[in-house]
2 protein chains.
Amino acid sequence: MKRKVTLKQIAKELDVSISTVSKSLRNSLEIGEETRLKVQAFAKFYNYRPNNIALSLKNRKTKTIGIIIPEIVHHFFSTVINGIEHVANENGYSVIICLSDDSFDKEVRNMEMLANGSIDGFIMSLSKETQFKGDYHHISEVIDQGMPVVMFDRVSDEILCDKVIIDDKLAAYEAVQSLIDKGRKKIALVTTVDYVSVGKLRTDGYTKALLDNGLPFNEKLIIKIEDVDTCEIIIGKLLEDKAIDAVFAVNELFAVTSIKAANKIGLNVPKDLAVIAFTDGIISKYSTPTITTVSQSGVKMGNRAAKMLIDRLESETEQEEDENYTTEVIETHLIERESTN
Amino acid sequence: MKRKVTLKQIAKELDVSISTVSKSLRNSLEIGEETRLKVQAFAKFYNYRPNNIALSLKNRKTKTIGIIIPEIVHHFFSTVINGIEHVANENGYSVIICLSDDSFDKEVRNMEMLANGSIDGFIMSLSKETQFKGDYHHISEVIDQGMPVVMFDRVSDEILCDKVIIDDKLAAYEAVQSLIDKGRKKIALVTTVDYVSVGKLRTDGYTKALLDNGLPFNEKLIIKIEDVDTCEIIIGKLLEDKAIDAVFAVNELFAVTSIKAANKIGLNVPKDLAVIAFTDGIISKYSTPTITTVSQSGVKMGNRAAKMLIDRLESETEQEEDENYTTEVIETHLIERESTN
DNA sequence: TTTCAACACTATTACGTTTTCGTAAACCAA
DNA sequence: TTGGTTTACGAAAACGTAATAGTGTTGAAA
């Protein structure tokens, strides 16, 4: 077992100073060719690599991005990570990932943990509980200390920082409009509880589409799912009670569950019931029938978020306080599949 | 914008030495109560937190685990990460994740990057290309330097280290046996190319189950998918040509594709064709019909892997070279759903 | 002979901690 | 007064690196 070799050890072995070794390895002209080559050969032989931690301490930057997301076993979030990781990697950054499990406390703990020097900046999406509480002090604190933060998807207006989002309202509007265009008149909305920012926006889009088309807005056609496990029953009841001819679901799970519930009571999708889901994931692609979705490119979101963060990190000329924060909107589009016709 | 405060700044401000500040904050008895309380109050006011990087450098440990996996937009892998992250977090560790994209080069690059002091140990699953090449020098090198490595799922016998796996052969055997028990006689295997270790093992289990039950082994009933996009056609042809009555697929995607192919040529699942998939993921649960799977608990695997790594890290009394590596086998079980009857 | 420059290398500092060792002052006992 | 112990603190080293600011030697120009 050979431990990692350091500049000091090489210096001692070759009987020169640490500075000479350091400069030789960086091909400094200050060092004579003979010494330089000797040091390089020795370093290569012992497979010398500079210690990242020492470099981080010295340079005051870690070349590491901290990611805080609610969960990772989730198609959209893992897609975003994928997007972040690739851009980060291309630029010589690593990513360190922490999960909030949709818990406020864990989000706070994780951020504090990383903020003490471990990373150069954050990319994050708010936990449900944080959105519910509306308490963002941990984030403003970090920003206050001069650490850049980029938020994506689940963001908050109360925090001033760079953001990457999709136009949830518009996307929802277009999805519902497409249902209306196909002659659907009684469109249900299956969504989450209100405090999740994106859920709210999608509801707004849904409502607006109905009103713009002169369709009646019926509160009863909106169901807010709290517990995923029981949602099939709730949806089933909705389908039976009201004469629904289309469902707009804010995620894949609700969509596929709607289809199953419909099948159970003898409704055919898409003939009797059209279904559109938000978020294009793996379920929609492989479900039977395949599901029409609003694509929400996680990869692109991750790419953009990483780019924004890195740009800010590299431009930071140490004192300039521009703070011209931007919010990027990633375009969405409808992927038509079998669940609508 | 208030920058992070350091011991040095506090010391200067209060006109004491750095050591006094440090000791005060750790409640050392060496320091008089008055000074101690004064320092603590000051530190609290300025929200002092020790710099992680400096601590890492001093302690020669980062409290960070490096994870190298082929991809992250993948139910199984993200589940494993979830399992790792939770155990890591409970023990005060962070996780830093790198993706190999199933590329040998990227796997090597990422490992080298992290091995230079950024992390205390690795948890990894081999990339396809690495398994194909059979070149594991980057891993042995890391181990050689005294950095613990725990491998999971896609492992190699050529590397001596702790491992967490499932008994792929046995699990496959039991899955196929269950098909046979239900009267299926002509069972096809839809698998990946051979060099992926788990694919090979699952094939072995399939073969053994057939032979043990006196069923004919027919090479033609095994199809090895290289390209996911064209697999529906290939599977469709298999179903039409041979009178298959069951499919054992090594992953969910192949299983759901088989079902779609079957439906297309008028076969009913499970009546005409039974289907079992390896890996219990989200597709199987929401497909129509739902798919019987071999559960391969990623969370449990991640938990165990993290536990093994942390145990080794914390036990390392700096010199003992036990090297009593263990391989843990996570139990699997069959989750019966609609695709078999 | 002096002066200056070029060369080849070294010492030192700084990043932020913790810890070991040291020491001055105060107190006490003999 | 001497010697010893306790109290309360500080100096310095160490972790590994890179950059700035030297230092000493040689050779050549003035």
Side-chain angles (χ1 to χ4, degrees), chain A residues 3-40 42-43 46-64 113 115-120 145-146 318, chain B residues 3-40 42-43 46-64 113-120 145-147 318:
Chain A
R3 283 241 161 253
K4 293 241 77 173
V5 65
T6 68
L7 286 185
K8 194 196 273 194
Q9 287 161 27
I10 298 180
K12 194 170 163 193
E13 209 71 32
L14 295 180
D15 209 36
V16 292
S17 77
I18 294 180
S19 356
T20 304
V21 178
S22 174
K23 284 174 182 164
S24 296
L25 295 177
R26 339 211 107 245
N27 278 315
S28 163
L29 299 172
E30 284 183 69
I31 307 296
E33 185 167 1
E34 195 189 353
T35 315
R36 193 162 49 80
L37 294 179
K38 186 176 64 178
V39 170
Q40 287 178 351
F42 193 90
Y46 280 101
N47 195 30
Y48 170 78
R49 293 274 182 282
N51 180 304
N52 289 333
I53 297 292
L55 282 180
S56 295
L57 184 59
K58 180 155 189 13
N59 302 332
R60 270 111 138 263
K61 53 180 71 166
T62 59
K63 285 285 200 170
T64 304
M113 184 164 173
N116 299 318
S118 302
I119 59 163
D120 294 341
Q145 283 169 12
E318 211 50 69
Chain B
R3 283 240 161 256
K4 294 242 77 174
V5 63
T6 67
L7 287 185
K8 194 196 274 194
Q9 287 160 29
I10 298 180
K12 194 172 163 191
E13 210 70 33
L14 294 181
D15 210 36
V16 293
S17 77
I18 295 179
S19 1
T20 304
V21 179
S22 174
K23 286 172 186 166
S24 297
L25 295 177
R26 338 212 106 248
N27 277 316
S28 162
L29 298 172
E30 283 183 71
I31 307 297
E33 186 165 0
E34 195 189 352
T35 316
R36 193 161 50 80
L37 294 179
K38 186 176 65 178
V39 170
Q40 288 178 351
F42 193 91
Y46 280 102
N47 196 30
Y48 169 79
R49 293 274 181 283
N51 181 305
N52 289 333
I53 297 292
L55 283 179
S56 295
L57 184 59
K58 178 128 201 14
N59 302 332
R60 269 110 139 262
K61 54 180 69 167
T62 60
K63 284 284 200 173
T64 304
M113 183 164 173
L114 294 187
N116 298 318
S118 301
I119 58 163
D120 295 340
Q145 283 168 13
M147 180 167 286
E318 212 49 71

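In the text below, chain A, chain B and the rest are named by the order of the sequence lines, each starting its count at 1. Because only heavy atoms are used, hydrogens play no part in the values below, and waters and symmetry mates are left out as well, while side chains stay in.
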Worksheet item: Does atom NZ of B:Lys38 have more than 12 heavy-atom neighbours from other groups under 6.0 Å away?
Response: yes
Round to a whole Å and report the spacing from [atom1] of [X] to [atom2] of [N].
X	N	atom1	atom2	answer
A:Asn52	D:dT17	CG	P	10 Å
B:Arg49	C:dT17	CZ	C1'	16 Å
A:Glu34	C:dC7	CD	P	17 Å
A:Asn116	C:dC15	CG	P	18 Å
B:Asn59	D:dG16	CG	C1'	14 Å
B:Lys12	C:dT17	NZ	P	15 Å
B:Arg26	D:dA8	CZ	C1'	19 Å
A:Lys23	C:dT12	NZ	P	14 Å

Check the phosphate of [N] against [X], side-chain N and O only, distance under 4.0 Å to OP1 or OP2. Yes or no?
X	N	result
A:Ser22	D:dA18	yes
A:Ser19	C:dT10	no
B:Lys58	D:dG16	no

Selection from [options] that lies nearest to any side-chain heavy atom of [X]:
X	options	answer
B:Ile18	D:dT17, C:dT17, C:dT10	C:dT17
B:Thr6	C:dT10, D:dG16, C:dG16	C:dG16
A:Leu57	C:dC15, C:dT17, D:dT17	C:dC15
B:Leu55	D:dT20, D:dT17, C:dT17	C:dT17
A:Glu30	C:dC9, D:dA11, C:dA14	C:dC9
A:Ser17	C:dT17, C:dG16, C:dT10	C:dT10

Discussion item. Working to the nearest 0.5 angstrom, can you tell me the gap between B:Tyr46 OH and B:Gln9 CD?
Written reply: 10.0 Å
Worksheet entry | Distance in Å, B:Gln40 CD paired with B:Glu33 CD, rounded so as to fall on 0.5 Å steps |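 The CD atom of B:Gln40 sits 9.5 Å away from the CD atom of B:Glu33.
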Item to complete: Identify whether any heavy atom of B:Arg36 sits under 4.0 Å from a base atom; if not, whether one sits that close to sugar-phosphate; answer base, sugar-phosphate or nothing.
Response: nothing
Worksheet item: Touch check for B:Ser56, heavy atoms < 4.0 angstrom, all strands: base, sugar-phosphate only, or nothing?
Response: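 No contact.
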Worksheet item: For DNA chain C, whose closest nucleotide is more 5', that of B:Leu7 or that of A:Glu33?
Response: A:Glu33
Worksheet entry | N/O donor-acceptor pair under 3.5 Å between A:Asn51 side chain and A:Ile53 backbone | yes
Discussion item. Main chain of B:Asn52, side chain of B:Ser56: is a donor-acceptor contact present, judged purely on distance under 3.5 Å?
Written reply: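 Side chain of B:Ser56 to backbone of B:Asn52: a pair is present.
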Worksheet entry | Close side-chain approach of B:Asp120 and B:Met147, heavy atoms under 4.5 Å | no
Worksheet entry | 5' priority, DNA chain D, between B:Val16 and A:Pro50 [closest heavy atom] | B:Val16
